[in-house]
K.L.:
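Provided herewith is a single structure, encoded as structure tokens, for subsequent inquiry.
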Amino acid sequence: MKIENIEIDIIDINLTRPYTIAYKTTSSIQTLFVKIILSNGNVGLGASSVSKYVVGLDTMDSYNNSKKYVDHLIGNDLNSFWMIINDIENKFIDDPGSKAAFNLAIYDAYCKKLGISIGKFLGRKVNSLPTSITVGIKDTQETVSEINEYLGLGFNHIKIKLGNNVEEDIRRINIINEKFGDKIKIRIDANQGWSLDDTIRFYSETKQIELIEQPLSVEDLEGYLKFPSKIKDIIALDESLVNFKDALKLSSDNYGKIFNIKLMKCGGITSGQQIANQAFQNNIDLMWGCNDESILSISAALNTALSYKNTKYLDLDGSFDLQKDIVRGGFNLKDGVLHPLNSPGLGIELI
Ligand SMILES: [Mg+2]
């Protein structure tokens with residue numbers, strides 16, 4: 001079955017709830033969309049939304065690179081699935097946006113051809129997990145009311161963005177703990193905003209914290225080695241863990257016991273699997289995170305996540321605040337738990 005044509009587009013999507021983290025405010029995103037059309041008329045769909053701050057190029061750069069690749073891919077036989085996947089891996093080593101969009105589209109097309117879901121193709125080790133939902137940097141009152149809203153929707157894993165001022169961060173979390181107690185599990189994302197001492201102070205002056213994402217700057221990687229091991233146990237490396245090279249480095253010593261894998265950092269399912277395997281071999285737990293992104297790529301991340309038994313945390317709330325999406329389906333969300341679908345491919349259909 002030959003790849004007959006490929007359509008590429010870039011789509012602007014506004015967010016219903018603009019948010020602030022330690023280094024930026026986001027109110028809209030761009031999505032690269034790839035549609036692979038096979039000789040029998042079937043299609044495979046892929047998408048990506050990368051963060052320039054994290055991966056060094058933006059989605060428009062990926063769109064321009066992707067356009068140049070189309071002619072190279074047209075005419076290939078989808079039965080040579082691994083050859084095509086490997087070609088994409090090797091072509092876009094430094095462009096995770098293009099890599100992810102093509103990687104997902106090929107997986108979607110191939111699984112549809114086999115008549116099985118991506119979950120079946122990858123194999124499932126974990127049936128389902130709750131996802132956290134994120135509260136950006138806000139004052140305490142707004143944070144409390146947003147948590148109440150999420151509790152009402154069935155979520156009880158709340159990720160709170162901190163990192164501007166550790167004193168204020170501690171105060172805020174202690175108020176939240178007092179108010180909600182064990183009704184919620186709290187994850188923290190400091191987005192590189194703290195020092196070593198800030199982090200240790202935060203850890204000792206708060207309680208019931210499930211994990212802390214990337215407290216220190218990517219420039220201060222060696223700082224992570226200085227944490228006591230009880231703090232390392234709940235450190236999730238995010239901005240410092242972009243690709244497989246980072247995974248090699250970060251598993252060579254104890255920088256933190258949790259890897260936050262995002263398909264939008266490493267560039268799709270195949271690259272995500274490489275990092276996940278490296279983590280598994282080194283007894284590192286997995287958290288699967290996301291950018292603001294389509295249901296399409298969230299479904300890919302969810303199914304990849306559930307194919308690893310060291311997956312302990314999902315943070316796949318990236319499609320909830322899009323004003324529109326390009327597809328529907330992908331997963332069911334019930335009481336904060338993401339359940340993948342069993343329909344062929346990524347389980348999505350174009351809107
Ligand atoms: Mg993060």
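Both ligands and their constituent atoms are indexed starting at 1 by order of listing.
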K.L.:
Which protein N, O or S atoms lie under 2.8 Å from the Mg ion (ligand 1), given by chain and residue number?
P.N.:
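Correct list: Asp189 OD2, Glu213 OE1, Asp238 OD2.
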K.L.:
When the ring centroid of Tyr255 is compared with that of Phe227, is the distance short of 6.0 Å?
P.N.:
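Ring-ring flag for Tyr255/Phe227: false, centres at least 6.0 Å apart.
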K.L.:
Do Phe102 and Tyr69 have ring centroids that are under 6.0 Å from one another?
P.N.:
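They qualify: ring centres under 6.0 Å apart.
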K.L.:
Scan for salt bridge (Lys or Arg N to Asp or Glu O under 4.0 Å) pairs involving residues 256-274, sequence neighbours excluded, and state none if there are none.
P.N.:
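Pairs touching residues 256-274 that pass the test: Asp238-Lys262, Asp238-Lys265.
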K.L.:
Would you please say whether a donor-acceptor pair under 3.5 Å links the side chains of Thr270 and Asn103?
P.N.:
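The answer is yes; a qualifying pair exists.
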K.L.:
Parallel, tilted or perpendicular: which fits the ring planes of Phe320 and Phe155, with parallel below 30° and perpendicular above 60°?
P.N.:
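Tilted.
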K.L.:
Does one side chain, of Thr304 or Gln273, offer a donor that lies under 3.5 Å from an acceptor on the other?
P.N.:
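Side chains of Thr304 and Gln273: no pair found under 3.5 Å.
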